[in-house]
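FYI, the numbering just counts along the sequence from 1. Quick caveat: nothing in here was measured; it's all calculated off a predicted structure.
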Amino acid sequence: MILSLLTMIMSVNTNAQKSSNAYSFLDIPTSTLRYGLGGINISSIEDDINSIDQNPGLLGAEIDMQIGINYMRYIGDSNFAGVKFGRNAGQNSAWAAGIQYLGYGEFKGADSNGTQTGNFSPKDMIFSGTYARDISGYWRGGINLKFIYSSYDSYSAAAIATDLGVNYFNPESDLSFSAVVANLGGQVKRFQDNYDRLPIDIRLGLSKSFGTLPIVWSITAWNLTKWHLPYYDNGDGSEDDNPKVIDNFGSNLFRHLVFGADIIPSDKFHLGIGYNYKTRTDMSTYKRNFLSGFSTCLGLTIKNFAIGVALAQPHSGATTLMLNLSTNLYEF
């Protein structure tokens, strides 16, 4: 059934991907673990309510009476923040609810004649509800329903999206495999006349440790609704070095893959690093630095609180910082 669903989505979305969308912010994670492991990760296991944002199949009864808060200082004057709450629904299922705010700073407004109309602050908001249930001893499935509201100056729009996810986890072999269909849905209110499509995506993820080393390795494949992901290489920025389109087998392959390694020496501490080749090549200019495409995260558990920090510098002029805080309310 899952294979049939993926095939249907893939065929329907072939034409959909030819249109631009105004909802790329849906791919920005709210979890420091996900952000530190390359920005897209659907298979790493963590008992933290913040970590279910990219795969509802990771929500379980073990995340009970847990509240999580996230904050991100993004590019420019952008600031994102949100809160999630999770509760079990018996021994084999759980639900969660959350709200996410994305603010992009203040901009100067102007009409079609160039006359300034005052300042405005564009924003997006995501209201989400998640339900997950154990399918068997190793398999778990979940669904996430999102209501999205956008306000840009005097224009506003609304959309509804759904994420479907499954996860297989074998604690004996420390193997986790996930599949997700993300952002199924569409606009219910347009900004103007144009219909903006959601970034529908199919994702597969694998996480595994080997031997006695306390390292969980992850690889995530995304943007699986299309093979060609061309980008412009701007060279060294000199006047006689014209940008050229890169669209070969190797670049397309690696622009679909995100790599991560999470070092977990104890259940109180972890340190992760990720590499996203698409992020690096999207910033393919002479101002790109060595850190473009790399990200890192750190997690600590202090008494009743789990604290997470993630850092990335996709461009030399853009350093991003994310913070997570979570706790179980029943421990108070």
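- In this structure, the ring-ring contact (aromatic ring centres under 6.0 Å, His included) partners of Tyr74, at least two apart in sequence or on a different chain, are Phe80.
- For the salt bridge (Lys or Arg N to Asp or Glu O under 4.0 Å) condition, the pairs that include at least one residue of residues 68-92, sequence neighbours left out, are Asp64-Arg87, Arg73-Asp77.
- Leu323 belongs to a hydrophobic cluster whose other members, connected by ILVMFWY side-chain contacts under 4.5 Å either directly or through intermediates, are Tyr71, Val309, Leu311, Leu321.
- Under the rule for a side chain to side chain contact (heavy atoms under 4.5 Å, CB included), the partners of Ala310 that lie at least two apart in sequence or sit in another chain are Thr32, Tyr35, Cys297, Met322.
- For the atom pair CD1 of Ile69 and CD1 of Ile49, the computed distance is 12.5 Å after rounding to the nearest 0.5 Å.
- Checked by atom type, the side-chain pair Asn70/Gln100 shows a donor-acceptor distance below 3.5 Å.
- Proximity of a side-chain donor or acceptor of His256 to a complementary backbone N or O of Asn223 within less than 3.5 Å is detected.
- Contact annotation: the side chain of Phe305 approaches that of Leu325 to within less than 4.5 Å [non-hydrogen atoms, C-beta and beyond].
- Residue pairs meeting the salt bridge (Lys or Arg N to Asp or Glu O under 4.0 Å) criterion with at least one member in residues 158-179, sequence neighbours excluded, are Lys146-Asp163.
- Contact of the Thr281 side chain with the Ile246 side chain is not registered, since no non-hydrogen atoms from C-beta on lie closer than 4.5 Å.
- The backbone N or O of Gly38 lies less than 3.5 Å from a partner atom in the side chain of Asn276, making a donor-acceptor pair.
- Side chains of Ser43 and Ser207: a donor-acceptor N/O pair is present below 3.5 angstrom, by distance only.
- Listed by first then second residue, pairs satisfying ring-ring contact (aromatic ring centres under 6.0 Å, His included) with a partner in residues 157-185 read Tyr138-Tyr168, Trp139-Tyr168, not counting sequence neighbours.
- A salt bridge (Lys or Arg N to Asp or Glu O under 4.0 Å) check over residues 90-105, counting only residues at least two apart or in different chains, returns nothing.
- In this structure, Gln91 places its CD atom where only 12 or fewer heavy-atom neighbours from other residues, nucleotides or ligands lie under 6.0 Å away.
- To the nearest 0.5 Å, atom CD1 of residue Ile63 and atom CG of residue Asp48 are 7.0 Å apart.
- The residues Asp27 and Arg203 are annotated as salt-bridged, a charged nitrogen and a carboxylate oxygen being separated by less than 4.0 angstrom.
- Remark: Asn194 engages no residue in a side chain to side chain contact (heavy atoms under 4.5 Å, CB included) (not counting sequence neighbours).
- Residue pairs meeting the side chain to side chain donor-acceptor pair (under 3.5 Å) criterion with at least one member in residues 264-273, sequence neighbours excluded: Asp262-His270.
- Looking at Lys189 and Ser156, their side chains come closer than 4.5 Å, going by heavy atoms from C-beta outward.
- Hydrophobic clustering, defined by side-chain heavy atoms of Ile, Leu, Val, Met, Phe, Trp and Tyr closer than 4.5 Å, groups Leu33 together with Leu37.
- For residues 297-312, no residue pair satisfies the salt bridge (Lys or Arg N to Asp or Glu O under 4.0 Å) rule, not counting sequence neighbours.
- Between the side chain of Arg34 and the main chain of Ser44, a donor-acceptor pair closer than 3.5 Å is present.
- Other cluster members for Trp222: Ile40, Val258, joined by side-chain heavy-atom distances under 4.5 Å among Ile, Leu, Val, Met, Phe, Trp and Tyr.
- Not a single donor-acceptor pair under 3.5 Å links the side chain of Asp282 to the backbone N or O of Gly293.
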